[in-house]
Every structure is written in structure tokens, then in C-alpha cells.
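Remember, it's 1-based here, ligands and their atoms both numbered in the order they're listed.
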Amino acid sequence: MKVLVVGGAGYIGSLMCRRLSDAGHQPVVLDDLSTGNKKALHCDIPFYEGDLGDQLLLKSIFNKETIELVMHFAAKIQVGESVEKPDLYYENNVAKVLRLLNSMLENNVKRFIFSSTAAVYGQPQYLPVDENHPTKPINPYGASKRMVEIILQDYEHAFGLNSIVLRYFNAAGASLDGTTGEAQRVKQNLIPIVLENVEKERTSQIFGTDWDTDDGTCIRDYIHIEDIVAAHLKALEHLSKNEGFDIFNLGTSEGLSVKQIVDLVSQISGKEVKSVAAPRRPGDPGKLVASSQKAYDILGWQPCHSDHETIIRSAYNWHFNRRY
Ligand code: UDP
């Protein structure tokens, strides 16, 4: 199948392109290179540099490439930035996606896989969080993703656009062959931050050590990007045989605490990892883990690479041997 991967030069999109090719599909990439990198891509993949909301460009891609399905990875994803600049988040993550969906319909492309997030749930009311948990996002990032989910449900009903929403919990790790990984210059998530601090001999901050968890630090559900990409392939198979709209969590139902991550990095690197207790970060829940039972039951997906060792070791290998 020919698949337009929007944001295909980024952290998860670039691995998606590799695994699509491995599975015999043909990825085509649209990316504005704001955070992505062309070096993440095989040179034989058709690449269009541009904006996902540029309807003239989209029209020319759809005319030229006979796309059958679109995957979307091109979002702004920083919670703090979304609070400061909600306009940027609603423009990029909602308005531009709306233009992309309208272009798809104009060109009769009716299959879409959307990367969403645990942030649509807001503060967890029970654990593990399943897809029936109420959605009450507490920041513009989570709200922007939830808005697109609602649009997709309405577009399925009105226009027959078939889509699958995948709500990622904490995406982590790097490709197992070491070819792609997290490459943003300013590190925003815990594991890349700790690795960079180790490299630069800096001290990592632990946001809150008085949570109601075994070691007092926050617990999150880390899911390896190879597993996330595998879920997209399962979703693609599902959409090639079924119509409709559906939502799936992607997590492991197991959590890892901030302190466990710091200890694992130290164990795997053999280096001292300096850390210091810092105040709780506003808006953080103490524990957030997902139930992915639905993805197992309907898509036949389960995580295979999200054990703690594989996540930290792949991230470590990438960080210290990265190509770009
Ligand atoms: N965290 C931390 N120190 C850091 C960055 C993050 O203690 O320098 C904690 C953060 O409070 C949260 C967990 O690590 O409990 C994961 O944070 P991240 O920003 O990676 O992902 P989030 O769960 O917020 O999406």
C-alpha cells in the first residue's frame, strides 16, 4: 500500500517509514523539517518538504502518488509550550490537520491513522486508564489532540472517512538497529534529558520525591517506538479490511518510576548518574499507566520491545552513537 507519512522525517515517523518498507509498503514523506531530519530517511523514499496544511502541495502529492492511506505524526508535542502558545498548537495540531483531512476527502483518500496521546485523559480517575476513561485534557496540547479525535469521529459519520486513533503513553527508546532515535536539540522528555546530563556530567532533577508510589517518584508507562510503529502496521491492516472509526491506547500497563530510570541508566552506562530532588512539576499525575487490552483484542497488538532494559539500552546506544 502507498502511505503518505506526514511528519515522516521525525522521531517516530522515520522509523515508521523503515518498517513500512520492510513490510512491502511504499512510504511517501511530507515533512517541514521543523524538528525532523532528512538524514533519518532512506534516499529512495519520495520526500516532499512542506507544510501539512498546504492544500496546493497536498493536491499535487495526491495527484502524483496514488496514496491509499495517510499517517499523521507531524504534531507539536510539548505540554509547557502549548500553555504558553496555544495559538501555535491549535493552528498546527488542529487547523492544519483539518485542511489535510479535507484534502484527503477531495482526493478520495479515505483511510487515516492519527497519533494521539495519553494527555487527552487529563488527571487519571482510575488505573490502568482504558479507552472509556473520561477525556478531560488539562493543557492545550491534550485538548488539540482530543479536538482532532472528535473531528475524525464526525468525519467518519458524515463523509465515510475511516480512521484509527492511537493514544500513545510515554513513547521512548530508539530503533533496535540504531538507525533512528530522538534527535531534537533541546531534550524535552525524561530519558533523553537524563542521557544528555550523563554525557555532559550534569545533575538530573527529579520532579517530586513525595508521591504515593513505592520510591516516592512519578510512574509512567514507557512504550518503545518499535512497538508504536508495529501498532500502526496492525492499524493499517485493520483499515484495509474494515471501515469505521476506533480508538486504542498504546501502553504496557506497567510503569517505571523516575528513580528506576535514573538507576537503570547508571547500570547500563556504568557511569555515575547524578540526581537531585526538585519540586513537583505542576500538572503531573503521580502515576499514569494504560490498559491496552483493546488493542490486543481487536488489532492483535501487544508490546514486544517495551521491557525496561530494551527501552533504556536502545536510547542509550542511540544517544552515544547517533548519526544525526
Ligand atoms: N521528569 C523529571 N525530571 C525531568 C523531566 C521529567 O523528574 O528532568 C519526570 C516528570 O515529572 C514525569 C516523568 O519524568 O513524572 C516523565 O516526564 P516526561 O516529560 O518525559 O513525560 P510526561 O509523562 O510528562 O509526558
Counting C-beta onward and ignoring hydrogens, is there a side-chain heavy-atom pair between Val265 and Val198 closer than 4.5 Å? yes
Quick check: do Arg280 and Asp210 have side-chain heavy atoms less than 4.5 Å from each other? yes
When you look for protein heavy atoms under 4.0 Å from ligand 1, which residues do they belong to? Asn170, Gln188, Asn189, Leu190, Ile193, Gln205, Ile206, Phe207, Cys218, Arg220, Tyr222, Val258, Arg281, Asp284
Hydrophobic cluster partners of Leu88 (side-chain heavy atoms under 4.5 Å):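 Leu88 clusters with Ile77, Val79, Tyr89, Tyr141.
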Does the separation of the ring centres of His232 and Phe73 fall below 6.0 angstrom?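 His232 vs Phe73: aromatic centres under 6.0 Å.
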Looking at Phe320, is Lys271 sitting on its ring face, NZ or CZ under 6.0 Å from the six-membered ring centre and within 45 degrees of the normal? yes
In terms of side-chain heavy atoms, does Arg167 have a donor or acceptor partner in Ser116 at a distance below 3.5 Å?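 Ser116 and Arg167 do not have a side-chain donor-acceptor pair below 3.5 Å.
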